[in-house]
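Below is one structure; the comments refer to it alone.
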Amino acid sequence: MGLPVPQDKISSLVKEAQVLIAKKDDIESQIKELEEGLQLQGVGMDQPLIDRSGFPRSDVDVAAARTSRNLVHRLRNDHKDIMKEIESALHAVHEETRKKASSSQQQEQKDQGENSTKNNDMEQDKKVPSNNNNKKPFALVNAVAPDSPADKSGLQRNDKVIQFGNIHAENHDRLQALNRLVGQSEDKSIPVTILRNDQSIIELVLTPKKWSGRGTLGCHIVPL
């Protein structure tokens with residue numbers, strides 16, 4: 001009886017990241033529902049629950065409001081934790097993809113070397129196709145609105161975009177492809193890879209959604 005064939009590591013890592021993103025979306029949905037409930041009571045997260053005399057307000061279900069507020073605070077902490085887990089998971093996916101691509105490229109170079117030895121009439125010094133252009137920044141974030149979806153994802157001004165979903169330097173079509181993806185992805189998580197300060201590569205998750213400002217991202221991105 002042979003040993004079981006191990007599941008492709010990249011697929012496994014992608015599934016782990018997708019599970020974490022689904023949990024993040026669920027947490028955001030719970031927070032939104034609780035905050036809307038507080039708004040309906042007219043108290044939100046900050047308004048006082050007692051009157052000027054120090055007694056519980058008679059127009060508010062104080063116990064329910066306090067419970068909702070505590071849940072929101074707890075869920076916000078959970079959201080911060082899971083965003084860190086998502087960043088680590090996406091980094092693992094990209095690292096494994098990079099290793100696999102590097103291994104394939106090395107094998108291709110080896111095969112080409114062997115073919116060149118066997119066939120002296122073949123053209124020498126052929127260049128091995130590379131996907132390095134896919135890792136080059138193609139856009140610049142030149143503005144991020146406070147409390148916008150972009151701001152909450154961790155995106156910052158002057159970040160350079162390396163990958164936005166499946167969009168990279170080779171296929172962004174002067175950012176038209178990015179605009180189309182955002183338009184089709186409202187309330188859907190998009191993995192984003194950015195270069196910060198020209199030295200740190202960071203994995204983020206950006207979810208386009210309606211908010212109090214313009215658009216669904218709350219940031220301005222220009223081509224490099």
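- Sequence neighbours left out, the pairs with a member in residues 202-216 that pass side-chain hydrogen bond (donor to acceptor under 3.5 Å, both in side chains) are K24-T207, E28-K209, H94-E203, S189-T207, T193-E203.
- Not counting sequence neighbours, N166 has no partner by the side-chain hydrogen bond (donor to acceptor under 3.5 Å, both in side chains) test.
- Every pair passing salt bridge (Lys or Arg N to Asp or Glu O under 4.0 Å) that includes a residue from residues 69-88 is listed here, sequence neighbours excluded: E35-R76.
- Among residues two or more places apart in sequence or in another chain, the side-chain hydrogen bond (donor to acceptor under 3.5 Å, both in side chains) test is passed with D51 by none.
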- Going through the distances and angles, do F55 and I50 end up as a side chain to side chain contact (heavy atoms under 4.5 Å, CB included)? CA-CA 5 Å; F55 293 102; I50 57 175; over 6 Å; no
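- A single hydrophobic cluster is not seen to contain both L175 and L140; linkage of ILVMFWY side chains at heavy-atom distances under 4.5 Å, directly or through other members, places them apart.
- With sequence neighbours left out, the salt bridge (Lys or Arg N to Asp or Glu O under 4.0 Å) criterion links R66 to no other residue.
- H73 is listed as a side-chain neighbour of M45, based on a closest heavy-atom distance under 4.5 Å.
- Contact of the V205 side chain with the L90 side chain is registered, since non-hydrogen atoms from C-beta on lie closer than 4.5 Å.
- More than 12 heavy-atom neighbours from other residues, nucleotides or ligands sit within 6.0 angstrom of NE2 on H79.
- With sequence neighbours left out, the side chain to side chain contact (heavy atoms under 4.5 Å, CB included) criterion links D198 to K160, L195.
- For the pair P137/V161, no side-chain contact is recorded, criterion being any heavy-atom separation below 4.5 Å from C-beta on.
- Listed by chain and number, the residues in a ring-ring contact (aromatic ring centres under 6.0 Å, His included) with F138 are H172 (sequence neighbours excluded).
- Judged as a side chain to side chain contact (heavy atoms under 4.5 Å, CB included), and not counting sequence neighbours, the contacts of A92 are L13.
- Cluster annotation: I82 is connected to L71 through the hydrophobic network of ILVMFWY side chains, with a link wherever side-chain heavy atoms come within less than 4.5 Å.
- Screening I202, L206, I201, N158 against I194 for a side chain to side chain contact (heavy atoms under 4.5 Å, CB included) leaves a single residue, I202.
- Screening residues 178-197 for salt bridge (Lys or Arg N to Asp or Glu O under 4.0 Å) gives D159-R196, D173-R180 as the qualifying pairs, with residues at least two apart or on separate chains.
- Among residues two or more places apart in sequence or in another chain, the side chain to side chain contact (heavy atoms under 4.5 Å, CB included) test is passed with E33 by none.
- Residues forming a side-chain hydrogen bond (donor to acceptor under 3.5 Å, both in side chains) with Q30 (at least two apart in sequence, or on another chain): D26.
- Sorted by first and then second residue, the pairs that involve residues 142-157 and meet side-chain hydrogen bond (donor to acceptor under 3.5 Å, both in side chains), not counting sequence neighbours, are N142-H220.
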